[in-house]
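This report refers to the structure that appears directly beneath it.
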2 protein chains.
Amino acid sequence: MPEPTQTKASPNNMADTDIAIVRIAPETSFKNKAYEALKEAILKMDIYATPEPVMLDERALSERLGVSRTPIREAIAMLEQDGFVKTVPRRGIVVVRRTKAEIVDMIRAWAALESMAARLITTTARKKDITALRDFFKDFGPDRLPQDHVEEYSKANIAFHQALISLSESPVLVDLTNDLLLHVRGYRQLTIGRKDRTATSLPEHLGIIEALEARDTELAEKRARDHTLGLAAYVEAHGQELFT
Amino acid sequence: MPEPTQTKASPNNMADTDIAIVRIAPETSFKNKAYEALKEAILKMDIYATPEPVMLDERALSERLGVSRTPIREAIAMLEQDGFVKTVPRRGIVVVRRTKAEIVDMIRAWAALESMAARLITTTARKKDITALRDFFKDFGPDRLPQDHVEEYSKANIAFHQALISLSESPVLVDLTNDLLLHVRGYRQLTIGRKDRTATSLPEHLGIIEALEARDTELAEKRARDHTLGLAAYVEAHGQELFT
DNA sequence: TCATAGTTTTTGGCATGCCAAATACCAGAA
DNA sequence: TTCTGGTATTTGGCATGCCAAAAACTATGA
């Protein structure tokens with residue numbers, strides 16, 4: 001379960017000279033530093049490139065990061081909760097590889113969460129915030145097609161989806177989808193062949209925005225859901241060769 | 001992110017005398033035992049009963065469980081990933097209390113996932129499995145009203161929802177909702193005043209089942225969503241006095 | 001009595017070292 | 001050369017002990 005993303009400042013009213021002293025920087029521990037470092041490293045590496053499973057070594061990592069094994073082990077335990085690694089007792093720590101079915105499954109869950117976000121947005125978000133979603137695609141149009149700038153469009157795409165979810169004002173939806181995205185994105189071959197999907201993507205995005213602006217709850221929900229379910233179907237249909 | 005629930009037996013074909021030797025019991029480590037024990041303890045305690053935050057002590061726990069602090073700390077790190085506890089550097093480990101807004105938010109996410117499950121079920125589940133969902137409520141009817149046996153109905157209720165999600169054959173949906181349920185259930189005052197909601201619950205459940213049987217994807221999704229969103233609205237409206 | 005400086009205690013963070021299981025490696029026999 | 005038994009090595013699991021920050025406590029003085 002995700003943490004609430006916020007770090008609420010305690011509203012305790014002290015004396016009159018209350019200068020919003022929140023509490024000095026928690027100086028992130030080695031454990032957390034190791035967690036972040038390992039997580040980033042895992043997301044950066046291309047897990048699906050090699051047929052052999054990717055292994056991690058506690059001692060090597062501790063040496064690499066300049067800390068003892070203890071904080072490393074705690075970080076590994078956290079990553080295992082996230083589902084990024086799996087430690088096998090006297091064998092080693094292996095970076096988890098997702099099957100196509102699992103990726104598709106995750107995208108479906110993502111679709112569920114995003115459609116709920118769309119639903120909430122129609123009832124609470126401000127008009128200007130909704131309209132601002134168009135800016136993510138302002139560099140694309142009939143004269144500058146997304147399919148001709150796949151990499152760039154891909155970034156705008158992800159930014160759009162994250163901004164969309166954020167508009168729901170729901171920390172749980174935000175955190176859950178971010179977690180899912182991390183897993184799905186790790187499967188970067190998703191980029192391959194995305195070209196033929198990119199063409200339909202932009203109009204669908206705009207359709208979602210329009211429904212949101214119209215405060216059409218049911219339509220916005222449906223469009224958001226179908227759009228992401230479309231991706232799931234695409235991966236399911238065109239992804240087999242990408243998994244060993 | 002949740003682990004896939006399965007523990008797939010490796011299908012490596014050895015010699016001819018392959019007697020399905022799967023791999024001796026992994027003998028769960030102290031770390032995992034501690035994790036399970038602490039998790040259960042946290043879920044069992046009534047966090048919202050006292051106004052003071054509930055604290056945990058590493059040393060006390062290690063003594064209590066008869067292990068050293070190391071596996072305890074690793075278990076704590078895992079629980080922190082789950083969002084059950086929060087360790088504050090030189091202060092202690094505090095069991096996280098959810099605000100009403102957070103609980104409502106979680107229920108909404110749950111609604112999203114469950115409606116997607118309903119959607120999937122209409123296209124893949126077997127008729128007999130869907131019909132079997134009625135069994136959870138076979139002990140209730142016009143002559144034996146749910147609101148007269150709230151405790152019993154509550155258990156049937158949860159069992160029904162979990163069985164429903166399972167029918168989706170989606171490990172991700174199952175794991176995510178289970179995680180959410182653990183947090184929501186911890187807020188056990190949810191039981192209070194549930195009596196007036198129980199009356200409408202049963203018909204709604206049956207309505208969901210009917211839509212599933214009719215393979216009406218849209219209707220099943222809508223009914224599942226609205227049912228759980230109804231709970232969210234209920235908590236939002238009637239739950240303020242339950243949070244300090 | 002109350003404020004304050006100084007001391008002790010508590011508490012999580014972390015380094016170290018040993019253990020046993022699993023594996024890799026190697027020499028000797030067939 | 002190949003199989004086999006045994007030994008060295010690797011690897012995660014865990015116990016221990018010390019450290020510094022923060023809190024609790026105490027003695028001192030106005």
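Keep in mind the model is a prediction, meaning the values are calculated, not measured. Chain letters run A, B, ... following the sequence lines, proteins first, then strands; residues in each count from 1.
Per the geometry, NZ belonging to B:Lys33 stands 14 Å off P belonging to D:dG13, to the nearest Å. The distance between atom CD1 of B:Ile72 and atom C1' of C:dT11, rounded to the nearest whole Å, is 15 Å. One can place CD of A:Glu58 at 15 Å from P of C:dC14, the figure rounded to the nearest angstrom. Here D:dG12 presents its P atom at 15 Å from CG of B:Asn32, a figure rounded to the nearest Å. Per the geometry, CD belonging to B:Glu74 stands 12 Å off P belonging to D:dG12, to the nearest Å. In this structure, CG of B:Asp57 is placed 12 Å from P of C:dG13, rounded to the nearest angstrom. Rounded to an integer number of Å, the gap from CZ of A:Arg90 to P of D:dT9 is 19 Å. The distance between atom CZ of A:Arg73 and atom P of D:dC14, rounded to the nearest whole Å, is 7 Å.
Legend: residues meeting side-chain contact (heavy atoms from CB on, under 4.5 Å) with A:Phe30, ordered by chain and number and at least two apart, are A:Lys33, A:Val67, A:Pro71. In terms of the side-chain contact (heavy atoms from CB on, under 4.5 Å) criterion, residue partners of B:Ala75 (sequence neighbours excluded) are, by chain and number, B:Ala34, B:Tyr35, B:Leu38. Legend: residues meeting salt bridge (charged side-chain N to carboxylate O under 4.0 Å, His left out) with B:Arg119, ordered by chain and number and at least two apart, are B:Glu218, B:Glu221. In this structure B:Gln162 satisfies the side-chain hydrogen bond (donor to acceptor under 3.5 Å, both in side chains) test together with B:Asn178, sequence neighbours excluded.
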Would you list the protein and nucleotides 15-18 of chain C atom pairs, both N or O, that sit under 3.5 Å from each other?
{"residue": "C:dA15", "atom": "OP2", "partner": "A:Ser68", "partner atom": "N", "Å": "2.6"}
{"residue": "C:dA15", "atom": "OP2", "partner": "A:Ser68", "partner atom": "OG", "Å": "2.5"}
{"residue": "C:dA15", "atom": "N7", "partner": "A:Thr70", "partner atom": "OG1", "Å": "2.9"}
{"residue": "C:dT16", "atom": "O4", "partner": "A:Thr70", "partner atom": "OG1", "Å": "3.4"}

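Within the nucleic acid shown, A:Leu56 comes within 4.0 Å of sugar-phosphate atoms alone, with no base atom in reach, counting heavy atoms only.
Screening residues 70-79 of chain A for salt bridge (charged side-chain N to carboxylate O under 4.0 Å, His left out), with sequence neighbours left out, gives A:Glu58-A:Arg73, A:Arg73-B:Glu74, A:Glu74-B:Arg73.
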Going through the distances and angles, do B:Lys155 and B:Glu151 end up as a salt bridge (charged side-chain N to carboxylate O under 4.0 Å, His left out)?
CA-CA 7 Å; B:Lys155 284 182 181 169; B:Glu151 199 57 37; 5.6 Å; no
